[in-house]
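Reviewing the structure listed below.
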There are 2 protein chains.
Amino acid sequence: MYLAAVVDDSARRQGRPVVTTHAAIEQAAFRLFAERGFEGTTLDAIADEVGVGRRTLFRYYRSKNDIPWGRFDLTLARFRHLLADAPADEPLWRGVHRAVRAFNEFPPAADPTHVDRMRLILRTPALQAHSVLRYAEWRQVIAEHVAARTGARPGDLLPQTVGQVSLALALAAYDVWLDDPARSLPDLVDAAMLTLRDHLDPTT
Amino acid sequence: MYLAAVVDDSARRQGRPVVTTHAAIEQAAFRLFAERGFEGTTLDAIADEVGVGRRTLFRYYRSKNDIPWGRFDLTLARFRHLLADAPADEPLWRGVHRAVRAFNEFPPAADPTHVDRMRLILRTPALQAHSVLRYAEWRQVIAEHVAARTGARPGDLLPQTVGQVSLALALAAYDVWLDDPARSLPDLVDAAMLTLRDHLDPTT
DNA sequence: GGCGTTTTGGCCACGGGTGCCATTAGCGTC
DNA sequence: GACGCTAATGGCACCCGTGGCCAAAACGCC
């Protein structure tokens, strides 16, 4: 229901046609967020801007908080493939790290931009809060990967720890990146990992 | 205002006396949460149970989500002291880790119990979401400590990374602990750190 | 043109959260 | 013992996000 709406419009055959798209809603919403801030933008305002009933917004996004995330389900599927592509003979941590790095290479020509999205998400309290739910799904993808490769269960300490720490490194990288978007995000992900390995270096 | 209410009642001199306490509210709230779940418990119900107006609840807790966290401001102050106590000649990571470990030694005789609190917080979606805001404050304490000890700014990559990773380890430990509260939480924090160091061991 | 299908969007109810303000109940003073 | 000061209380109105319900709309197909 929620997903079928716009995954592939051309596949639809009959029934009343859709009036809008996820992309159109996101663009309208980000226009308003830029003007009035996230909290200052009501769903009524977004609905008006899109030219659609407020009720309809909920058929495209589960909640107001989900709008900035866009089609995160698709993004997660991409991440799952990146992890699956890790060579079996590579150390586990390295494969995970390279997938996380690659995951954060976003096409620069998106609208809304990846910077705009993430700045909004990471700098707005209400969205910071909501983001955990998305992070949990993201970590779960890692935990399942690690579990599969080590024979553990996803809930065990190693898969959980790797998931949590991978997220931690990514978030540390984002934090620096948002302050200075000119830097390369994937490089910052690398730098965070190096920083951690250095910090924990047993020889010190 | 928000804090002054109950930090030290004996310090109050004049004005209408308070009708309740943070502890009383938390105990009443947890009773209801246990019966009807967090989402199923309305603020009206909590107010009734405490015997207080709904409006008054907001003078003790900023939001419904804050009730399970209790007096987190006090908890943070304790954490700050633990970090400050780390010897200067000890490796930075070790001092941070020991503080995190010590921070998670909670008195077993609390009401509500630390397990009840954390189970509610970590297993209720709405609270999982809200918890990031608390985590951010907790990480900031670490980031400031690391910044002070290394001469960096709290926003730099090392302080942020250490903060994020410390949180990651703690959360991984909690996740296992909640499934099996008989295990020692501080020991699990140690185990998570060992797991990470092993995972990243350069010799593998 | 009628029918089935699918989306739309209006209406209503609920609950959390906030500003406003009159009320309440101790304290210190006279 | 009354009076005023002060600070906490709690009722009221209101905004906003969210979800259930359902009739109306607009297409393809026959």
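Order of the sequence lines fixes the chain letters, A, B, ..., with proteins taken first and strands second; residue numbering starts at 1 for each chain.
A:Glu39 has its CD atom 11 Å from the C1' atom of D:dC16, to the nearest Å. When the C1' atom of C:dT29 is taken as reference, atom CD of B:Gln14 falls 11 Å away, rounded to whole Å. Here the C1' atom of nucleotide C:dG17 and the CZ atom of B:Arg62 are 14 Å apart, to the nearest Å. The distance from atom CG of A:Asp66 to atom P of D:dG19 is 10 Å, rounded to the nearest whole Å. One interatomic measurement links the two molecules: CD1 of B:Ile67 to P of C:dG17, which rounds to 9 Å at whole-angstrom precision. In this structure, B:Leu32 atom CG and C:dG15 atom P are separated by 14 Å, rounded to whole Å. For the pair B:Ile25 CD1 and D:dA8 C1', the computed distance is 12 Å after rounding to whole Å. Put simply, CZ on B:Phe58 is 18 Å from P on D:dA8, counting in whole angstrom units.
Panel note: side chain A:Arg80, backbone A:Val141; no donor-acceptor pair is recorded below 3.5 Å. Distance alone, capped at 3.5 Å, places no donor-acceptor pair between the B:Thr113 side chain and the B:Asp116 backbone.
Counting heavy atoms from C-beta on, the side chains of B:Leu167 and B:Leu171 come closer than 4.5 Å.
With hydrogens and angles ignored, a donor-acceptor pair closer than 3.5 Å exists between the side chain of A:Arg55 and the base of D:dG20. For C:dG4, the base has no donor-acceptor partner in the side chain of A:Arg16 [N/O atoms by modelled type, under 3.5 angstrom]. Between the base of C:dT8 and the side chain of A:Arg54 there is no donor-acceptor pair shorter than 3.5 Å. Residue-to-nucleotide contacts include no donor-acceptor pair under 3.5 Å from the side chain of A:Arg59 to the base of D:dG19.
The residue from A:Leu43, A:Leu127, A:Thr42 that alone fulfils the side-chain contact (heavy atoms from CB on, under 4.5 Å) condition with A:Lys64 is A:Leu43.
You'll find that the side chain of B:Leu43 is closest to C:dG16, out of C:dG16, D:dG10, D:dG19.
No close placement of the B:Tyr135 and B:Trp138 rings is indicated, their centers lying 6.0 Å or farther apart.
An OP1 or OP2 oxygen of C:dG9 is reached within less than 4.0 angstrom by a side-chain nitrogen or oxygen of A:Thr56. Taking side-chain N and O atoms only, B:Tyr60 has a distance below 4.0 Å to OP1 or OP2 of D:dT9.
Residue contacts for B:Thr42: at a heavy-atom cut-off of 4.0 Å it reaches the sugar-phosphate backbone alone, with no base atom in range.
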